Structures are given as structure tokens and as C-alpha cells.
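This report refers to the structure that appears directly beneath it.
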Amino acid sequence: MAMMVIMTGYTDVPARLGESALSDGRLLGWAEWGPSDGAPVLLCPGAATSRWLGFGAGVVEALGVRLISVDRPGLGVSTPAPGRTFSDFAGDMRQLCVQRGLERPVVVGNSQGAPFALACAAEGVASALAVVSGADEVARPEFASVLNADLRGLVERTECDPAGVEEFFAGFTADAMWDMVMAGSPGSDLAVYQDPDFAAGYRRALDEGFAQGAAGYARDTVLAMGRWPFALDEIAVPVDIWYGEQDTSHSPDNGALLAARVPGARHHVVPRIGGALLWTHAESILTCLLEKTITGRQTRGS
């Protein structure tokens, strides 16, 4: 019989906070929720947000999930790493998994965190993956004719002058990011984002994300908006691709092409919600992931 979980909110304060030193001396900031001996789920959070913003308040505890969110380099308390790549990030996560006893965790990539999570899957760091409202590979030629003029211009400029675009995005602020998200979100998402508790957590995560300036966010954005260097068709772990039907800001086709490019990926389009899907459907997302880890263990043990 399926277990029913009562959601107590969209997000909650972390149960544990810390920093881990990498082999080159850099620090990675992380936050955890749920039982410390729970099933590890590594979160690659969205644009310019810090480790502070998790998801699934009440759900992670009920499902026995140990949720770990990480500040990417230059965001929050993590040491900057100018010029870093997707592969560099996967390497950082591999070190963190060893240090924190995560083995090969399941990974969730939300919004701009999605390509970083896909890099972890491509490089064998993840045992399963959920892309939730993921920033799509908008630089793919299939999308050129459907992007709005502003986005198409940024994509073209990123290809021709990545350093200049990175400098442009380095001028962003927490307030500018908040305003951009609020202006581009449907009413179904605003009901989540403007919830007082969620808004306070989101604003704190943005303030922390920009605490060292915007260079970390700028590097993330240039990587996400360019052509992705990893081979999606070689990903060999279970993948779920989740989009809200009303999401108009993350993928031109709600992830249809993305799902088709990943072998065996399951494509979910959820009605009556947009980019806030991670917080409104945390139980479904986590339950699907946990089923994959159980199935994987049974397969390896047979």
C-alpha cells in the first residue's frame, strides 16, 4: 500500500550546515535535511540560490531521505573557481560524496542546476537522476527558431563572446533575480513564491547566493547557456525529466527533446503548475527516485 505523506510546507530550515575542504584547498558549503542515516539525495539548486533553499518539508523526513544541497563555487560560502567547467563540478561532487559518505547518491537538478546534475550523471557520480524544471540546452540548433528574440540574442552572444556575456551577468543582484523570477512566473508559481515562509527562504538563499558578488552565478549561466559538452546519449542511469505544464521559462518544449536524448528517460509534464514544481510535487519526485535506488540495488544483488 502506498504511503501517504502529509506535506507541512514547501521548504524548511536545514537540519545541518557545514563546509568541506576539497583536495585543492577550496571549500564547498552544504546543507542537509532529514535523517543523517537516510537515503542520500544530492540537490543541485537553481540559479544563484545557496544551499539554504531545500524542498519537501515534512516529505524528506517521512520518506527517510537525507537531502544534501551544495553551494556551487562562488555561490554562498563555496570558494570561487574562475573558469570552472561542468566536469570540474562533477569532480567536486565526487570528492564531496567520499567525504560525506554518500557513495553514489541519487541527484536532483532544479532549474539552472539541471545541467550540473546531468554532468554528474554523465560522469558516473549519480546512481539516478531527476531533472526538475531544468534549464534546457537552449543553444541547440533545434530551438533557434522558437526562442524569443532576447534569449536568442543572448545565446548567440554567448557563442561568440562568452567572456563578455559572463561579465554582463556578473552585474546581476539578488533583487534583480527576484524581480526577474516574479515577472516571468504564472499565477500557479506565484502562489508558492509569494507564500511568506517560502519567500523569506528564497530571498535568504538569493542573498547568500550573491554574498560574494555575481561571478559564481555568471559562470553558471554561461555554462548553462552554451552548448553542453557531455554526451546525454551515454548516460547509463535511470533519469526522470519533470516539467510543469505552465512553465514557459526553462525549456522551449517542456523537456520533450531533452527526454528523447537521454536513453530510457521518463518524461513527466504536470498540469496546473509551472517552474515551482520542485516544491509542489516533492513527494512524487522523491518517491520515483527512491524506487529507482531500490530497483538498482535489487538488480545488482540478483
Side-chain angles (χ1 to χ4, degrees), residues 19-31 42-53 69-96 107-123 125 131 133-140 150-151 153-178 180-181 202 205-230 232 249-250:
E19 299 170 17
S20 292
L22 301 176
S23 58
D24 62 0
R26 287 182 296 117
L27 294 178
L28 274 185
W30 49 263
L42 181 65
L43 172 64
C44 297
T49 54
S50 74
R51 59 185 173 168
W52 181 261
L53 188 64
S69 182
V70 180
D71 288 340
R72 287 189 289 278
L75 299 173
V77 298
S78 290
T79 308
R84 61 186 164 87
T85 65
F86 284 121
S87 186
D88 291 335
F89 176 79
D92 288 351
M93 294 305 99
R94 185 176 285 108
Q95 284 194 55
L96 183 72
V107 176
V108 176
N110 177 237
S111 187
Q112 197 171 78
F116 295 92
L118 284 160
C120 287
E123 298 211 12
V125 177
V131 169
S133 307
D136 209 337
E137 189 179 5
V138 290
R140 283 193 68 84
D150 288 344
L151 180 54
L154 275 174
V155 168
E156 292 171 353
R157 192 175 159 199
T158 300
E159 182 180 9
C160 298
D161 182 21
V165 171
E166 193 163 343
E167 185 177 348
F168 165 73
F169 281 112
F172 263 56
T173 64
D175 286 342
M177 181 62 62
W178 170 268
M180 185 172 71
V181 172
Y202 189 22
L206 286 173
D207 288 342
E208 289 184 354
F210 283 103
Q212 303 183 66
Y217 161 69
R219 185 62 186 164
D220 282 356
T221 304
V222 167
L223 288 173
M225 290 189 63
R227 292 302 302 268
W228 298 348
F230 40 84
L232 295 183
S249 59
H250 290 108

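Predicted model, so just to flag it, every value in this text is computed and none were measured.
Counting heavy atoms from C-beta on, the side chains of Leu206 and Thr49 come closer than 4.5 Å. You'll find the side chain of Leu223 stays beyond 4.5 Å of the side chain of Pro115, heavy atoms only.
By the side-chain contact (heavy atoms from CB on, under 4.5 Å) test, Arg140 pairs with Glu137, Glu142, Phe143, Arg227, Leu257, Arg261, sequence neighbours left out. Every residue was checked against the side chain to side chain donor-acceptor pair (under 3.5 Å) condition with Asp161, not counting sequence neighbours, and none meets it. In this view, Phe116 and Phe86, Phe89 satisfy the ring pair (Phe, Tyr, Trp, His ring centres under 6.0 Å) rule, not counting sequence neighbours. Residues passing the side-chain contact (heavy atoms from CB on, under 4.5 Å) test with Leu27 are Glu19, Ala21, Thr79, sequence neighbours excluded. Checked against side chain to side chain donor-acceptor pair (under 3.5 Å), Ser78 has no partners two or more places apart in sequence or in another chain. Remark: Ser50 engages Trp52, Asp71, Ala205, Glu208 in a side-chain contact (heavy atoms from CB on, under 4.5 Å) (not counting sequence neighbours). In this view, Arg26 and Asp24, Asp92 satisfy the salt bridge (charged side-chain N to carboxylate O under 4.0 Å, His left out) rule, not counting sequence neighbours.
Within the structure, the side chain to side chain donor-acceptor pair (under 3.5 Å) test picks out the following pairs touching residues 166-177 (sequence neighbours left out): Glu166-Arg219, Asp175-Arg203. Among residues at least two apart or in separate chains, salt bridge (charged side-chain N to carboxylate O under 4.0 Å, His left out) pairs with a member in residues 75-86 are Arg84-Asp220. The side chain to side chain donor-acceptor pair (under 3.5 Å) pairs that include a residue from residues 110-123 are Ser87-Glu123, Ser111-His250, Gln112-Thr221, where partners are two or more places apart or lie in different chains.
Here the closest non-hydrogen pair linking Gly134 and Val131 is CA-CG1, 3.8 Å.
Between Tyr217 and Phe172, the two ring planes are tilted [angle within 30° to 60°].
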